[in-house]
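Starting off with a structure, shown below.
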Amino acid sequence: MAQKPSIPKGTRDFSPVEMAKRNYIFDTIKSVFLKYGYQPIETPAMENLSTLMGKYGEEGDKLLFKILNSGDYLAKADESLLAQKNSVKTTTQISEKGLRYDLTVPFARFVVQHQNEITFPFKRYQIQPVWRADRPQKGRYREFFQCDVDVVGSNSLFNEVELIQIVDDVYKALNINVLVKMNNRKILTGIAEIIGEADKIIDITVAIDKLDKIGLDKVNEELAAKGLNTEAIDKLQPIINLGGTNAEKIETLKTVLASSEVGLKGVEEIEKVLNYIEGVGVKTEVELDLTLARGLNYYTGAIFEVKALDMEIGSITGGGRYDDLTGIFGLKDVSGVGISFGADRIYDVMNQLDLYPKDSIVSTRLLFINFGEQEALYSLNALQEIREAGINAELFPDAAKMKKQMNYANKKEIAFVALVGENEMKEGKITLKNMNSGEQNLLTVKELIEAVR
RNA sequence: GUGAUUGUAGCUCAGUUGGUUAGAGCGCUGGUUUGUGGUUCCAGAGGUCGCCGGUUCGAAACCGGUCUUUCACCCCA
């Protein structure tokens, strides 16, 4: 072991204990998805680069992991581009595949490709890893799992409502306190319109998204830097500073956005969604937050973000409605809305707050101590019956020292140990030891099953 | 991509202004105990001090580079 092996930066190994925790999270999320009628799909880890490029903005293209072509990939590359060290253009010649950056774009590709097999509205969930060549930091990894639920082929706002119900259910089940922030891209468009800067919508949203981080003055500075005149910035102030309850915010917006058709449409949508969720008994607080402006270029309606209340970490769930995502792959007029649960951040939150229920980590329930070949064979027979009764049980494979075998049971937190030696074999019974209390009893297999269950 | 930060045994960490054979706790292995663990006692193994280069009589320590860790910016789950 001269050189220690390692894994790429921003990636992690997961031990059996860690996997038990992660599976608890995945299983919880999955069961909620299923409950609402979503069905699983999977897509390949790699996609054609043409599918991925240009979907996440310029920054996104840089953060894509690209896969070198097989074989002598440099042979076909343009020599002058190589000589110029033109990375961007050379990349397209030596790489035509990349690792997926999220699950939404591959899903859009999937829908377009399989449009004739799909019955709309199509409700799918997808739990798979994604990769980003980002620089790792708190709550940020280069490989992480997303748990996406999307419904495509339906414009109904009941889908938005359903997604919020799902968020409510998932975090209730995981016992994480969260706040749902909601906004609507149409409102943001309306705002840009009324201040006469419709083309600067992206700059404006990016700037006001930073409000709680850098403060009002810095936001205004940034807006000015992006070329907004003082008049426009002044007009923005009541919107940036909008306060009060959701209902109050909506009333203000209705007057401010009175001259913007799109803006009013956005307000109407959000008002409806908020009213509906009140009616269906969602417990999680949902807040209208105009500073929420997910960077992704493809959202057109609702925008969601979920923050953990008891821990400082980026958003743990995000999503929204995209009216034309499949359009870029040639299928027009299919609206979709979806959200993505960030499993790795949820995992970090669960760990820090220690929110795992005690019985969520299931291991072996019963270990048979191995005293030798005859005893092991006898144990194996008993084990068959015990396993059929649905009890996780194992036999220590070697006739090792008691101490080693008992230690093994301890380390694996196995609750019961079965001892089978000459005496037990003679009587056709098994000695069962409770590892917590130390109590021992001589039992038949049937009695043992009842005691261990 | 920009700016900081970290790296010593399996793990958590000591290691003086550069000076002999680099330490501790926990863990691990063996024994104390030939059918009883988590709580005794004893012994042992394990490190080219992240890697490469430089300064020096001498480097874990100083300098440069590189990788890695953590954090902020950008962006995002």
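Values below: every heavy atom of this structure, side chains too, minus hydrogens, waters and symmetry copies. Labels below follow one simple rule: chain letters A, B, ... track the order of the sequence lines, proteins then strands, and each chain is numbered from 1. Note that the coordinates shown come from a computational prediction; the quantities given were computed from them, not determined experimentally.
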Check the distance between B:rC75's C1' and A:Lys55's NZ and give it to me in whole angstrom.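 The answer, rounded to whole Å, is 19 Å.
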Please give, in whole Å, the distance from B:rG35 P to A:Gln405 CD?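 Between P of B:rG35 and CD of A:Gln405: 11 Å.
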What ring pair (Phe, Tyr, Trp, His ring centres under 6.0 Å) pairs are there with at least one residue in residues 428-453 of chain A, not counting sequence neighbours?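 As it turns out, there is no ring pair (Phe, Tyr, Trp, His ring centres under 6.0 Å) pair with a partner in residues 428-453 of chain A once direct neighbours are skipped.
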Using a cut-off of strictly less than 4.0 Å between a heavy atom of the residue and any atom of RNA chain B, enumerate the qualifying residues of residues 406-422 of chain A by number.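 The answer is A:Met406, A:Asn407, A:Asn410, A:Lys411, A:Leu419, A:Gly421, A:Glu422.
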Using Watson-Crick or G-U wobble pairs with both distances under 3.5 Å, give me RNA chain B in dot-bracket, 5' to 3', with [ ] for crossers and | for pairs to another strand. ((((..(..((((.....[...)))).((((.........)))).....(((((..]....))))))..))))....
Phosphate contact (B:rU70 OP1 or OP2) by A:Gln137 side-chain N/O below 4.0 Å: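 No, no such contact exists.
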Under the 5.5 Å and 30° test, is A:Phe144 stacked on the base of B:rA77?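 A stacking contact exists, since A:Phe144 sits close and nearly parallel to the base ring of B:rA77.
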Could you tell me whether the phosphate oxygens of B:rC71, OP1 or OP2, come under 4.0 Å of any side-chain nitrogen or oxygen in A:Lys138?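 Result: no.
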Answer yes when A:Asp148 and A:Arg100 have at least one side-chain N-carboxylate O distance shorter than 4.0 Å, and no when they do not.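 Salt bridge flag = no for A:Arg100 with A:Asp148.
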What nucleic acid atoms does A:Gly139 come within less than 4.0 Å of, heavy atoms only: base, sugar-phosphate, or nothing?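 Base contact - A:Gly139 has a heavy atom under 4.0 Å of at least one base atom.
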Counting any heavy atom closer than 4.0 Å, what does A:Gly10 reach on the DNA or RNA strands: base, sugar-phosphate only, or nothing?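 Sugar-phosphate, no base atom in range.
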Salt bridge or not for A:Glu439 and A:Lys433, using N-O below 4.0 Å?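 Salt bridge flag = no for A:Lys433 with A:Glu439.
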Presence of donor-acceptor pair under 3.5 Å, side chain of A:Arg140 and base of B:rU70: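 Check fails, no donor-acceptor contact within cut-off.
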Distance in angstrom units between A:Phe26 CZ and B:rA77 P, rounded: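 That distance rounds to 16 Å.
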If you count the non-hydrogen atoms of other residues, nucleotides and ligands that lie under 6.0 Å from CD in A:Gln352, is the total more than 12?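 Counting neighbours around CD of A:Gln352, 12 or fewer heavy atoms of other residues, nucleotides or ligands fall under 6.0 Å, so no.
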Where along residues 436-445 of chain A does a heavy atom come under 4.0 Å from RNA chain B, residue by residue in number order?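 Nucleic-acid contacts, sorted: A:Asn436, A:Gly438, A:Gln440.
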Between A:Phe371 and A:Glu222, name the one whose nearest nucleotide on RNA chain B is closer to the 5' end.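 Taking each residue's closest nucleotide, the earlier one in sequence belongs to A:Phe371.
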Pull out every residue in residues 342-356 of chain A that has a heavy atom closer than 4.0 Å to any atom of RNA chain B, ordered by number, or say none.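 Under 4.0 Å from RNA chain B: A:Arg345.
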Report, as yes or no, whether the 6.0 Å neighbourhood of atom CD on A:Gln39 holds more than 12 heavy atoms from other residues, nucleotides or ligands.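 It does not: A:Gln39 CD has 12 such atoms or fewer within range.
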Examine A:Tyr125 together with A:Phe33 and report whether their ring centres are nearer than 6.0 Å.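 A:Tyr125 vs A:Phe33: aromatic centres under 6.0 Å.
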Nucleotide nearest A:Lys404 (side chain, heavy atoms from C-beta), chosen from B:rA77, B:rU29, B:rG37: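 Taking heavy atoms from C-beta onward, the closest nucleotide is B:rU29.
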Can you see if the side chain of A:Lys401 gets near the phosphate of B:rG30 - specifically, an N or O under 4.0 Å from OP1 or OP2?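 So the side chain of A:Lys401 is outside the cut-off, no N or O lying under 4.0 Å from OP1 or OP2 of B:rG30.
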In whole angstrom, give the distance that lies between atom NZ of A:Lys62 and atom C1' of B:rC74.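 In whole Å, B:rC74 C1' lies 9 Å from A:Lys62 NZ.
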ring-ring contact (aromatic ring centres under 6.0 Å, His included) assessment of A:Phe396 paired with A:Phe368: CA-CA 6 Å; A:Phe396 198 89; A:Phe368 272 78; over 10 Å; no
Sugar-phosphate only, base, or nothing, as touched by A:Phe341 at under 4.0 Å among non-hydrogen atoms: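 The answer is nothing, as A:Phe341 stays clear of every strand by at least 4.0 Å.
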Between A:Lys123 and A:Glu162, is there a side-chain N and carboxylate O pair less than 4.0 Å apart?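 Salt bridge flag = yes for A:Glu162 with A:Lys123.
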Whole-Å distance separating the CD atom of A:Glu312 from the C1' atom of B:rC71: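 In whole Å, B:rC71 C1' and A:Glu312 CD are 14 Å from each other.
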Keeping A:Glu424 on the side-chain end and A:Gly421 on the backbone end, is there a donor-acceptor pair under 3.5 Å?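 Such a contact is found between A:Glu424 side chain and A:Gly421 backbone.
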Identify every side-chain donor-acceptor pair in residues 41-48 of chain A under 3.5 Å, counting partners at least two apart or on other chains, and give the distances.
residue, atom, partner, partner atom, Å
A:Thr43, OG1, A:Gln126, NE2, 3.0
A:Glu47, OE1, A:Arg109, NH1, 3.0
A:Glu47, OE2, A:Arg109, NH1, 2.5

Taking CD in A:Glu422 as the centre, count heavy atoms belonging to other residues, nucleotides or ligands within less than 6.0 Å. Is the count above 12?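 No, CD of A:Glu422 has 12 or fewer neighbouring heavy atoms, counting only those of other groups under 6.0 Å.
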In terms of side-chain geometry, is the basic nitrogen of A:Asp344 or A:Arg22 positioned less than 4.0 Å from the acidic oxygen of its partner?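 Salt bridge present between A:Asp344 and A:Arg22.
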Are A:Glu221 and A:Lys226 close enough for a salt bridge, meaning some N to O gap below 4.0 Å?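 Judged by the 4.0 Å cut-off on N to carboxylate O distance, A:Glu221 and A:Lys226 do not form a salt bridge.
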Using atom CD of A:Glu59 as one end and atom P of B:rC76 as the other, report the distance to the nearest whole Å.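 In whole Å, B:rC76 P and A:Glu59 CD are 9 Å from each other.
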Could you tell me whether the phosphate oxygens of B:rC73, OP1 or OP2, come under 4.0 Å of any side-chain nitrogen or oxygen in A:Lys210?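 Looking at the OP1 and OP2 atoms of B:rC73, neither is under 4.0 Å from any side-chain N or O of A:Lys210.
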Over how many whole Å does the gap from A:Lys403 atom NZ to B:rG30 atom P extend?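 Computing the A:Lys403:NZ to B:rG30:P distance gives 9 Å.
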Regarding B:rU36, can its base be found pairing with the side chain of A:Lys433 as donor and acceptor, where the two atoms are less than 3.5 Å apart?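 Such a pair exists between side chain and base.
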Starting at the 5' end of RNA chain B, which residue's closest nucleotide do you reach first, A:Pro136 or A:Asn423?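 Closer to the 5' end of RNA chain B: A:Asn423.
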How about A:Tyr171 and A:Ile316: do any of their side-chain heavy atoms sit closer than 4.5 Å?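 Contact flag for A:Tyr171/A:Ile316 side chains = yes.
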Might you confirm whether atom NZ of A:Lys446 has over 12 heavy atoms from other residues, nucleotides or ligands at distances under 6.0 Å?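 No.
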Figure out the NZ/P separation between A:Lys9 and B:rU5, and round it to whole Å.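 Distance, rounded to whole Å: 16 Å.
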